[in-house]
Engineer: 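The structure is given below, and queries will be raised subsequently.
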Amino acid sequence: MLVGYSSSSEEDGEPGSEARSRNSRRSVEEDERSRDLPAKKKARTEELDPKTRLPLPGCLLSMFLDDDDEALTEDSSLHGGRIRSFKHERGNWATYVYLPYPPEEEFEELLEELLSTLGAHGLILTQQEEFHLSLSQTVVLRHHWIQPFTQSLQSGLSQCRRFACSAATLKVYCNAERTRTFLGMEVSTGHAQLLDLVRVVDKTMTEFQLDTFYKEPSFHVSLAWCVGDQTEKMKELLQELQSLVDNREEGPFLLRLDCVEVRCRTGNKTFRFSLKTS
Ligand code: AMP
């Protein structure tokens, strides 16, 4: 799918791209756009000058759209109020690499409590539809890069071993554009192995001249988000929220993540890369 928002979530191939990704790749994309247009698409571009050509009938134009392309909508109400962080263009695929976190029952109960506490303080957050731990920024891939890009990830990640990591500390995150604020749970064990995975992913990113991950990553699973920069307000509540994590009847909650498979979401497609068993 062709839509990019300023954050993470898999629901619609949505993830956010950082403005830097967009800017650093702008010239490459523009070059590619003119070079890659097939003859029939060039005809569509030229057709925009009414003085030189008669417009083609719509039925002919629609014959040449990419199968994977989807219609563009700029209605942010359709995306939960999220703001698109890079311009939609046909053939651009919002892409990110991550470890999935399938939520346990206890996690979901805790999340409900966290959200209702935030709500009582006037902060209405939306729960992530799917939970994950990011291993890359969201970058923009041209459609014809998807295959070599995922192949490069596959060859690097197939050398990496499985491991487990855990998280227990709540932390507030904000995207680069400061259009979305997240409540996340930061990783406490497994940091070194996660850095190894990021090194592999970054290598692929560099090959494709895309942005690498944070120099000092704070690995986390985002639990919920809201629009705008609510960092300060959310930080004021962190202690109260953390006590919900720590003081549970069953003992402190610990998020356990079995890192057995890395995934790459690009538009509405998901690629899976199994990690080595021993
Ligand atoms: P994610 O749930 O992985 O998409 O992360 C939510 C947001 O946290 C993203 O918009 C990231 O840009 C942001 N973030 C801010 N600082 C960091 C950091 N040091 N490491 C990882 N993510 C970060």
Side-chain angles (χ1 to χ4, degrees), residues 5-16 80 82 94-116 118 125-138 150 153 157 160-175 180-201 213-214 217-226 234 238 241-242 244-246 248 250-266 268-277:
Y5 302 91
S6 46
S7 85
S8 69
S9 138
E10 299 172 75
E11 67 220 276
D12 50 10
E14 142 241 359
R82 285 166 293 165
T95 303
Y96 67 110
V97 183
Y98 64 98
L99 289 157
Y101 171 61
E104 316 148 56
E105 204 179 313
E106 200 191 340
F107 172 84
E108 294 189 307
E109 283 166 16
L110 170 64
L111 182 49
E112 234 171 78
E113 290 173 26
L114 293 170
L115 294 188
S116 91
L118 282 158
L125 269 72
T126 305
Q127 185 178 318
Q128 296 282 128
E129 288 191 8
E130 287 176 278
F131 301 95
H132 68 265
L133 186 155
S134 295
L135 296 171
S136 80
Q137 310 229 32
T138 299
T150 52
L153 283 179
L157 292 169
C160 301
R161 285 179 205 291
R162 298 178 176 195
F163 60 97
C165 65
S166 62
T169 312
L170 293 175
K171 192 167 167 179
V172 180
Y173 296 87
C174 198
N175 64 338
R180 280 179 87 184
T181 310
F182 301 82
L183 178 66
M185 206 170 255
E186 192 182 29
V187 157
S188 45
T189 63
H191 191 85
Q193 293 95 322
L194 290 167
L195 278 179
D196 288 342
L197 290 181
V198 166
R199 253 189 295 276
V200 169
V201 175
F213 201 40
Y214 291 86
S218 163
F219 295 112
H220 64 275
V221 174
S222 285
L223 314 183
W225 61 275
C226 61
M234 229 187 270
L238 265 188
L241 297 171
Q242 187 65 46
L244 294 172
V245 178
D246 297 339
R248 302 187 64 71
E250 324 75 77
F253 174 80
L254 186 68
L255 183 155
R256 289 172 218 274
L257 183 55
D258 279 328
C259 309
V260 297
E261 182 184 90
V262 172
R263 293 187 187 171
C264 172
R265 178 92 175 169
T266 179
N268 55 6
K269 295 182 198 297
T270 305
F271 294 85
R272 295 159 177 241
F273 309 99
S274 214
L275 300 178
K276 276 211 291 203
T277 44

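Fair warning: this is a prediction, and the values are worked out from it, not measured in the lab.
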Engineer: Heavy atoms, side chains only, cut-off 4.5 Å: are F219 and E186 in contact?
Structural biologist: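 F219 does not reach E186 side chain to side chain.
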
Engineer: Which atoms form the tightest heavy-atom contact between G190 and C165, and what is the distance?
Structural biologist: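 For G190 versus C165, the nearest heavy atoms are CA-CB, 3.8 Å.
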
Engineer: Heavy atoms, side chains only, cut-off 4.5 Å: are H220 and V187 in contact?
Structural biologist: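 No, side chains not in contact.
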
Engineer: What are the two closest non-hydrogen atoms of Q128 and F131, and how far apart are they?
Structural biologist: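 Between these two residues, the closest heavy atoms are O-CZ, 3.6 Å.
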
Engineer: Please lay out, stage by stage, how F273 and V200 fare under the test side chain to side chain contact (heavy atoms under 4.5 Å, CB included).
Structural biologist: CA-CA 12 Å; F273 309 99; V200 169; over 6 Å; no

Engineer: Determine, for R248 against E113, whether the closest basic-nitrogen to carboxylate-oxygen distance falls under 4.0 angstrom.
Structural biologist: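 Salt bridge between R248 and E113, a charged N being under 4.0 Å from a carboxylate O: yes.
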
Engineer: Run R265 and F271 through side chain to side chain contact (heavy atoms under 4.5 Å, CB included) and show every step you take.
Structural biologist: CA-CA 6 Å; R265 178 92 175 169; F271 294 85; over 6 Å; no

Engineer: First locate atom CG of D196, then atom CZ of R199, and finally report the distance between them rounded to the nearest 0.5 Å.
Structural biologist: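 D196 CG to R199 CZ: 4.5 Å, rounded to 0.5 Å.
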
Engineer: Report the C-alpha separation of V97 and V198 in whole Å, then their side-chain angles, then the decisive distance to 0.1 Å, and conclude whether the side chain to side chain contact (heavy atoms under 4.5 Å, CB included) test is met.
Structural biologist: CA-CA 9 Å; V97 183; V198 166; over 6 Å; no

Engineer: Find the distance between CZ (R263) and CG (L153) and round it off to the nearest 0.5 Å.
Structural biologist: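 Between atom CZ of R263 and atom CG of L153 there are 14.5 Å.
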
Engineer: A side-chain contact here means heavy atoms from C-beta on lying under 4.5 Å apart; do P217 and L195 qualify?
Structural biologist: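 The answer is yes; the side chains approach within 4.5 Å.
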
Engineer: Under 6.0 Å from the CZ atom of R162, do we count more than 12 heavy atoms belonging to anything else shown?
Structural biologist: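 Yes, CZ of R162 has more than 12 neighbouring heavy atoms, counting only those of other groups under 6.0 Å.
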
Engineer: Keeping S222 on the side-chain end and F182 on the backbone end, is there a donor-acceptor pair under 3.5 Å?
Structural biologist: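 No, because the side chain of S222 does not come within donor-acceptor range (under 3.5 Å) of the backbone of F182.
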
Engineer: Return the CG to CG distance between L257 and L133, rounded to the nearest 0.5 Å.
Structural biologist: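 Rounded to the nearest 0.5 Å, the CG-CG separation comes out at 6.0 Å.
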
Engineer: Can you tell me how the ring of F107 sits relative to the ring of F253, calling it parallel under 30°, perpendicular over 60° and tilted otherwise?
Structural biologist: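 Judged by the thresholds at 30° and 60°, the geometry between F107 and F253 is tilted.
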
Engineer: Going from CD on E104 to CG on L254, what distance comes out if it is rounded to the nearest 0.5 angstrom?
Structural biologist: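 Output value for this atom pair is 8.5 Å.
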
Engineer: Could I get the full list of ring pair (Phe, Tyr, Trp, His ring centres under 6.0 Å) partners for F213, not counting sequence neighbours?
Structural biologist: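 If we apply the ring pair (Phe, Tyr, Trp, His ring centres under 6.0 Å) test to F213, skipping adjacent residues, there are no hits.
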
Engineer: I'd like to know whether Y173 forms a side chain to side chain donor-acceptor pair (under 3.5 Å) with S218, so could you lay out the CA-CA distance, the side-chain angles of the two residues, the decisive distance to 0.1 Å, and finally the verdict.
Structural biologist: CA-CA 9 Å; Y173 296 87; S218 163; 2.5 Å; yes

Engineer: Kindly give the heavy-atom pair with the smallest separation between Y101 and R256, and that separation in Å.
Structural biologist: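 Scanning both residues, the minimum pair turns out to be CE1-O, 3.5 Å.
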
Engineer: Please tell me if the side chains of M234 and L183 come closer than 4.5 Å, counting only heavy atoms from C-beta onward.
Structural biologist: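 A side-chain contact under 4.5 Å exists here.
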
Engineer: Within the 4.5 Å heavy-atom criterion, are Y98 and S136 side-chain neighbours or not?
Structural biologist: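 Side-chain contact under 4.5 Å: no.
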
Engineer: Can the ring centroids of Y96 and H132 be said to lie less than 6.0 angstrom from one another?
Structural biologist: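 Centroid separation for Y96 and H132: below 6.0 Å.
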
Engineer: With heavy-atom distances below 4.5 Å as the criterion, would you say the side chains of T95 and T138 are in contact?
Structural biologist: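 A side-chain contact under 4.5 Å is absent here.
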
Engineer: Between V245 and M185, is a side chain to side chain contact (heavy atoms under 4.5 Å, CB included) present by the stated rule, with each step listed?
Structural biologist: CA-CA 10 Å; V245 178; M185 206 170 255; 4.1 Å; yes

Engineer: Would you indicate whether the side-chain heavy atoms of L99 and L194 approach each other to under 4.5 Å?
Structural biologist: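 Touching, per the 4.5 Å side-chain cut-off.
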
Engineer: How far does CG of L275 sit from CD of Q193, to the nearest 0.5 angstrom?
Structural biologist: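 With rounding to 0.5 Å, CG (L275) is 11.0 Å from CD (Q193).
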
Engineer: Decide yes or no for L115 and L111: does some side-chain heavy atom of the first lie under 4.5 Å from some side-chain heavy atom of the second?
Structural biologist: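 Side chain of L115 against side chain of L111, heavy atoms only: contact under 4.5 Å found.
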
Engineer: Calculate, to the nearest 0.5 Å, the distance between atoms CG and CG belonging to L223 and L110 respectively.
Structural biologist: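 Here the interatomic distance stands at 7.5 Å.
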
